[in-house]
Amino acid sequence: MRFFSTHTYRWGLLAAGLLMAAGAQAQDRPTPAPAAAPAPASAVPASRSASAPLRADMISDVPSDEQSYQKEFVFGVNFNTQGGLLGGASVRSSRVMDDRLLRFWSVEGVMLKNAKEERINSFIGGTYINRKTNYAFVLRPSVGIQRILFRKAADAGVQVNGLLSVGPSFGLLMPYYISYDRTATRTNVINLSTDEIVNEQYDPYKHTITGAILDHGPLFSGIGQTQVVPGFHLRGGLSFEYGRYRDAVTGLEVGFLVEGFTKRLLILSPSTLSDTDALNRKFFSSVYLTLYFGHRS
């Protein structure tokens, strides 16, 4: 009995020691941190919730509307204060230099008229211009620059451009012909079937009997006798472009032009030599309007 109680006492001490060692080991272990609760959506910063912007080097270079063409070619119809109902025609070719500047060359052909021209009706129903001895045409090649002042939208709106150009002027004096009845100058009677009728350049000193002038002659009768008078010109204007498409150009141009020649353009033959300077000039100024259309590439 005593032996049993002694062994029981020893096993109890051993069990108690084991329990104490286990408890001490448990205290030495680090306590794991509790799992963090997921943050609510409202707590996420706005900069992280939104998509991050693309880097500049990841965006492809797309040409703007201003850079989508390099050349421009237009045709124009001209009206001016020195010409008639229809002044002339022109062509212009432009090349883009930068977003707002274009360089161009142009060629324009116009007719000049004298403000003192007087149209007369003949006895047979024809017409001629009193004392007119030459038609006057001007050919104007020029170079210039075009500046975009106000840009239009890609497919609508109005674009305003400023233009400045300069270049030589070539005055072309082509003889003005009339139909003249030589027989009537002697008989004072006009008989179209038998009279001698000639087409020749009008000269008031030679064709003194106005009743024998029947009509003006054909336009290009004296083209082989055309005289060239050199000169120069300077032009400035504004153009208003109404094109609805990127590759189409339509608009109008208004402006002012000054021009000078090396000698007076003899359009009207004076009745006296003292009238020469009063009738004909070597310097001209005019206001013009050009309607133009064309394309870009």
Side-chain angles (χ1 to χ4, degrees), residues 77-89 107-141 168-231 233 259-284 286:
V77 179
N78 178 278
F79 306 87
N80 64 80
T81 54
Q82 293 292 340
L85 179 62
L86 179 61
V107 178
E108 179 181 62
V110 300
M111 171 182 276
L112 292 183
K113 289 191 174 183
N114 193 305
K116 298 181 180 181
E117 292 183 7
E118 179 186 5
R119 188 171 295 276
I120 296 177
N121 295 320
S122 69
F123 290 110
I124 65 170
T127 61
Y128 67 96
I129 298 175
N130 189 32
R131 295 190 294 176
K132 182 161 186 170
T133 190
N134 287 304
Y135 291 104
F137 302 95
V138 181
L139 189 64
R140 301 181 183 129
S169 296
F170 299 98
L172 306 176
L173 294 178
M174 186 176 70
Y176 178 80
Y177 272 50
I178 58 171
S179 295
Y180 193 67
D181 191 337
R182 289 181 177 176
T183 304
T185 60
R186 299 188 301 270
T187 63
N188 292 327
V189 177
I190 296 175
N191 189 332
L192 299 180
S193 59
T194 59
D195 289 356
E196 180 188 4
I197 300 173
V198 295
N199 290 323
E200 54 191 10
Q201 184 177 9
Y202 188 16
D203 183 355
Y205 294 101
K206 177 180 178 181
H207 306 109
T208 55
I209 301 178
T210 57
I213 302 175
L214 306 180
D215 202 352
H216 62 275
L219 176 61
F220 297 105
S221 298
I223 191 171
Q225 300 170 325
T226 300
Q227 303 175 35
V228 179
V229 182
H233 71 274
E259 189 168 42
F261 296 92
T262 55
K263 68 177 184 179
R264 296 180 184 274
L265 297 185
L266 185 62
I267 299 176
L268 297 182
S269 180
S271 55
T272 62
L273 294 178
S274 61
D275 290 340
T276 303
D277 294 346
L279 284 177
N280 301 286
R281 296 181 294 165
K282 61 190 302 186
F283 294 102
F284 298 84
S286 63

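Every value quoted in this text rests on a predicted model; they were computed, and no experiment measured them. Counting from 1, the numbers follow the sequence of the chain as shown.
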Inset, instruction - Carefully, step by step, assess E117 and N130 under the rule side chain to side chain donor-acceptor pair (under 3.5 Å). - result: CA-CA 7 Å; E117 292 183 7; N130 189 32; over 6 Å; no

Inset, instruction - For L86 and F79, run side-chain contact (heavy atoms from CB on, under 4.5 Å): C-alpha distance rounded to whole Å, both residues' side-chain angles, the deciding distance at 0.1 Å, then the answer. - result: CA-CA 5 Å; L86 179 61; F79 306 87; 4.0 Å; yes

Legend entry - Q227 and N134: side chain donor to acceptor below 3.5 Å: no

Legend entry - Trace of the side-chain contact (heavy atoms from CB on, under 4.5 Å) decision for D215 with T127: CA-CA 5 Å; D215 202 352; T127 61; 4.3 Å; yes

[Y] side chain reached by [X] side chain, heavy atoms, under 4.5 Å:
X: N191; Y: T183; answer: no
X: K206; Y: E200; answer: yes
X: R119; Y: K132; answer: no
X: R182; Y: I197; answer: no
X: E108; Y: N78; answer: yes
X: R131; Y: E118; answer: no
X: F284; Y: L265; answer: yes
X: Y202; Y: S269; answer: no

Closest non-hydrogen atom pair between [X] and [Y], with its separation:
X: G211; Y: I190; value: O-CD1, 3.7 Å
X: Y177; Y: G222; value: CE1-CA, 3.7 Å
X: Q82; Y: S286; value: CG-CB, 3.5 Å
X: S221; Y: G217; value: OG-C, 4.4 Å
X: N80; Y: G87; value: ND2-CA, 3.7 Å

Legend entry - Candidate pair Y180 and T185, rule side-chain contact (heavy atoms from CB on, under 4.5 Å), full reasoning: CA-CA 9 Å; Y180 193 67; T185 60; 3.2 Å; yes

Inset, instruction - Please determine which of L279, T133, V229, N114 meets the side-chain contact (heavy atoms from CB on, under 4.5 Å) test together with L266. - result: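 The single option meeting the side-chain contact (heavy atoms from CB on, under 4.5 Å) with L266 is T133.
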
Hey, could you give me the [atom1]/[atom2] distance between [X] and [Y], rounded to the nearest 0.5 Å?
X: S122; Y: Y128; atom1: OG; atom2: OH; value: 7.5 Å
X: I124; Y: D181; atom1: CD1; atom2: CG; value: 8.5 Å
X: I129; Y: I213; atom1: CD1; atom2: CD1; value: 12.0 Å
X: L214; Y: I178; atom1: CG; atom2: CD1; value: 8.5 Å
X: R140; Y: H233; atom1: CZ; atom2: NE2; value: 6.5 Å

Legend entry - Residues which pass side chain to side chain donor-acceptor pair (under 3.5 Å) with T208, listed by chain and number, not counting sequence neighbours: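 For T208, no residue satisfies side chain to side chain donor-acceptor pair (under 3.5 Å) once neighbours in sequence are set aside.
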
Legend entry - N280 backbone acceptor or donor facing R264 side chain under 3.5 Å: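 It does hold such a pair.
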
Inset, instruction - Kindly write out the residues that satisfy ring pair (Phe, Tyr, Trp, His ring centres under 6.0 Å) with Y176, not counting sequence neighbours, or none if the list is empty. - result: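 Residues passing ring pair (Phe, Tyr, Trp, His ring centres under 6.0 Å) with Y176: Y135.
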
